[in-house]
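A quick write-up on the structure given underneath.
Positions are given from 1, in the same order as the sequence printed here. Predicted model only: the values in this text are computed from it and were never measured.
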Amino acid sequence: DTFYETNPGDSIEPQVKTVAWLTYDDHFFYAAFDFSDPDPKGIRAPLGDHDEVPSYTDYGGIIVDTRNDGKTASMFLANPRNIQYDAISSDVSGEDNSPDFYWDSATRITATGWTLEIRVPFSSLRYNSADVQTWGILLYRNRPRDFRYQMFNVKLPRGSSCFICHEQKITGLTGLPSGNHVVVAPYATGRRESFPLDGPGSRLDDRPIDWEAGLDVKWTPNADTAIDATLNPDFSQVESDVAQITANERFALFFPEKRPFFLEGLDLFASPLQAVYTRTITSPRWGVRATGELGDSTYTVLVAEDRGGGSVIVPGRNSSALVPQDFSSRVAIGRGRHDFGSSFVSFLATDREIEGGGHNRVFGPDFQWRPNPYDTVTGQLVLSDSQTPQRPELTPEWNGQDLSSHSAYFAWNHNSRTWDWTLQYIEAGDEFRADLGFVPQVGDRDSLVTLGRSVYVEHGIFRRIRPFFRVRNVDDVDGGLLLRDLVPGIQLEGLWNGYLNVEHRTEKVRAIT
């Protein structure tokens with residue numbers, strides 16, 4: 001029952017009371033909350049889609065780090081109408097709500113506030129084989145009223161470069177079920193079509209039945225290893241992509257991955273240069289993947305055969321093009337990461353071998369260094385070796401030529417209570433290609449500098465005032481200007497969960513002819 005208001009207050013005693021209970025049995029981990037509220041009619045709880053729990057509504061739940069590494073945790077949140085939100089939160093790669101876990105929740109609005117109960121099966125969690133478990137956990141409540149009040153069971157210092165690292169430890173969980181289990185999901189469909197032989201009213205001609213069948217299997221031999229396999233997978237139940245505006249866009253748009261086969265250990269595919277984008281594997285005929293942990297090291301390896309379809313991103317300096325992928329290929333992706341405290345080094349390799357000739361291979365290291373709670377230094381260098389397919393009728397670039405180049409990323413982010421800045425540099429050679437990634441622009445050098453200063457006010461309409469200045473300069477590899485962006489501005493956060501951003505933009509952009 002000890003919670004702290006971390007916004008707008010600075011880890012102070014909350015205005016409302018929250019009580020939480022945690023327990024478990026042979027199959028489930030449970031959490032229950034009693035969210036007291038002096039004005040239950042003011043509870044904001046709209047109905048919505050799964051994962052649609054915006055910041056201006058009431059919600060709460062748990063953020064649990066079953067591996068106890070202080071870096072990555074699973075989020076299980078719900079609003080008072082029992083709209084669920086689940087995600088992976090990583091201090092390395094951020095928050096990603098693409099995974100959908102198996103779990104249950106129940107809510108009720110009462111005369112004194114609202115209640116929430118959560119039940120998570122141990123089969124949805126990953127933990128080691130120790131008989132006495134120690135986990136990290138964050139208990140969270142979001143309550144927007146005159147301000148957006150956020151409450152946690154721990155103090156969150158302002159300006160910290162990490163989130164999960166501030167978790168509270170819970171121990172004493174014993175006799176948990178082993179991680180060894182198998183999930184098998186077969187499917188079969190049949191379709192027959194009939195058409196009139198000689199127009200309306202004539203006898204129907206029955207076409208042959210079109211049969212489809214497939215299988216998905218997940219095997220977790222232990223808590224540190226997950227094996228996924230798929231044969232002719234059925235993605236018909238995957239939710240639709242969120243609509244995006246495509247008008248006046250020079251570069252390809254990014255859509256999150258939603259297909260279950262690709263979601264295990266999704267954070268391991270995240271790298272600064274987005275060298276892995278599993279949606280480029282459009283229609284897998286089969287696939288096998290292993291994801292695991294060995295001490296302070298984690299890894300994932302994926303191999304699949306792609307029937308093709310969809311589009312390939314062909315990058316350029318000023319814009320990207322989408323070219324039909326009407327050929328099959330075999331793909332392989334692997335990444336290994338070794339942690340040193342809150343820092344890590346990693347190595348990534350991808351390979352697409354195209355049927356009929358052609359390939360794209362990308363490989364290289366990356367790292368993240370956290371020397372103190374306020375600074376994060378990130379870098380990545382990857383090389384690419386490509387031979388385009390012999391398909392000039394699809395795009396002139398695909399004439400069987402050999403391409404090779406590099407792409408590099410470096411960033412220094414500082415975030416303290418008062419000052420924040422970002423120094424970032426990205427470059428990619430003209431011949432760099434990442435056919436299994438999302439790299440829509442090449443042949444450029446992109447530099448970014450951002451500086452901001454935050455002032456916190458205990459009383460008044462605005463509780464945080466942040467003037468800032470941002471400079472971005474993008475040149476092509478020959479030194480020609482592609483974009484220059486000068487942006488002074490101010491950010492204001494405060495009353496009614498309000499956020500106001502005022503900027504003055506001065507831009508110079510190379511026109512496309």
Side-chain angles (χ1 to χ4, degrees), residues 227-231 233 252 257 259 261-292 297-315 320 323-338 345-366 380-391 394-395 397-409 428-440 442:
I227 308 295
D228 291 91
T230 188
L231 179 64
E257 180 63 85
R259 298 172 295 176
F261 173 72
F262 297 102
L263 296 182
E264 179 72 39
L266 189 65
D267 58 305
L268 282 173
F269 281 153
S271 65
L273 291 171
Q274 290 186 301
V276 176
Y277 182 46
T278 53
R279 288 182 64 116
T280 59
I281 307 174
T282 309
S283 178
R285 181 174 285 112
W286 58 265
V288 179
R289 182 178 180 187
T291 305
S297 300
T298 54
Y299 67 89
T300 186
V301 179
L302 183 152
V303 179
E305 182 176 351
D306 186 10
R307 282 177 289 226
S311 301
V312 177
I313 298 174
V314 177
S320 62
V323 180
Q325 183 180 233
D326 63 348
F327 47 78
S328 62
S329 59
R330 295 201 174 184
V331 300
I333 305 173
R335 189 184 187 199
R337 189 182 78 197
H338 185 76
V345 294
S346 174
F347 192 87
L348 171 70
T350 72
D351 182 19
R352 184 188 286 273
E353 300 292 328
I354 300 172
E355 182 183 30
H359 64 261
N360 173 250
R361 299 158 189 162
V362 177
F363 56 93
D366 65 285
Q380 185 173 19
L381 173 65
V382 288
L383 308 177
S384 72
D385 173 71
S386 306
Q387 182 185 39
T388 66
Q390 192 72 38
R391 300 296 301 275
L394 297 177
T395 177
E397 179 178 298
W398 288 357
N399 57 8
Q401 64 178 317
D402 293 324
L403 302 173
S404 62
S405 191
H406 74 282
S407 183
Y409 175 98
D430 272 323
E431 295 188 352
F432 180 80
R433 299 292 183 269
D435 290 352
L436 286 170
F438 186 83
V439 183
V442 296

> Do the charged groups of E257 and R279 touch, with an N to O distance under 4.0 Å?
Replying inline: no
>> R337 and side chain to side chain contact (heavy atoms under 4.5 Å, CB included): which single residue from L348, D267, D366, V345 fits?
In response: D267
> Going by atom types alone, do R361 and S386 pair a side-chain donor with an acceptor below 3.5 Å?
Replying inline: no
> So, for P233 and P284, which heavy atoms are closest and what is the spacing to 0.1 Å?
Replying inline: CD-O, 3.2 Å
> Mind checking whether V382 and F363 have side chains closer than 4.5 Å, heavy atoms only?
Replying inline: no
> So do the side chains of R289 and T300 get within less than 4.5 Å of each other, counting heavy atoms only?
Replying inline: yes
> Roughly how far, to the nearest 0.5 Å, is the CZ atom of R330 from the CG atom of D351?
Replying inline: 12.0 Å
> Are any non-hydrogen side-chain atoms of I333 and L436 less than 4.5 angstrom apart?
Replying inline: yes
>> Rounded at 0.5 Å granularity, tell me how far OG in S407 sits from CG in L273.
In response: 4.5 Å
> Are the side chain of Q274 and the backbone N or O of A270 linked by a donor-acceptor pair below 3.5 Å?
Replying inline: no
> Is E355 paired with R307 through a side-chain N to carboxylate O contact shorter than 4.0 Å?
Replying inline: no
>> Any non-hydrogen side-chain atom of D306 less than 4.5 Å from a side-chain atom of R352?
In response: yes
> S320 and P315: which non-hydrogen atoms are nearest, and at how many Å?
Replying inline: CB-CA, 4.2 Å
> Got L268 and T291 here, is their nearest side-chain heavy-atom distance under 4.5 Å?
Replying inline: yes
> For residues D385 and H359, is any side-chain donor paired with an opposing acceptor at under 3.5 Å?
Replying inline: yes
> Do L403 and T388 have side chains that get closer than 4.5 Å, going by heavy atoms?
Replying inline: yes
> Do you know the tightest heavy-atom contact between L381 and A408?
Replying inline: CD1-CB, 4.1 Å
>> So, taking the atom named OG1 in T230 and the one named CZ in R285, what distance separates them when rounded to the nearest 0.5 Å?
In response: 12.5 Å
> Where do E431 and S405 come nearest, in terms of heavy atoms and distance?
Replying inline: C-CB, 3.6 Å
> Which distance, rounded to the nearest 0.5 Å, do you find between the NE2 of H406 and the CZ of F432?
Replying inline: 9.5 Å
>> Quick check for you: to the nearest 0.5 Å, what is the distance between S271 atom OG and F347 atom CZ?
In response: 12.5 Å
> Taking the side chain as C-beta and beyond, is there a heavy-atom pair between I354 and Q387 under 4.5 Å?
Replying inline: no
> So, S328 and E305: side-chain donor and acceptor under 3.5 Å apart, yes or no?
Replying inline: no
>> Between F262 and I281, is there a side-chain heavy-atom distance shorter than 4.5 Å?
In response: yes
> Which heavy-atom pair separates V439 from A434 by the least distance, and what is that distance?
Replying inline: CG2-CB, 3.9 Å
> Is R335 reaching over with its side chain to a backbone N or O of T350, donor-acceptor style, under 3.5 angstrom?
Replying inline: no
> When you look at R433 and V362, which way does the side chain to side chain contact (heavy atoms under 4.5 Å, CB included) test go after all the steps?
Replying inline: CA-CA 8 Å; R433 299 292 183 269; V362 177; over 6 Å; no
> How many angstroms lie between OG1 in T278 and CG in L302, if you round to the nearest 0.5 Å?
Replying inline: 8.0 Å
> Would a line drawn from the ring center of W286 to the ring center of F261 be shorter than 6.0 Å?
Replying inline: no
> Are the side chain of Q325 and the backbone of G308 linked by a donor-acceptor contact shorter than 3.5 Å?
Replying inline: no
> Within the side chain of S346, is there an N or O that forms a donor-acceptor pair under 3.5 Å with the backbone of G336?
Replying inline: yes
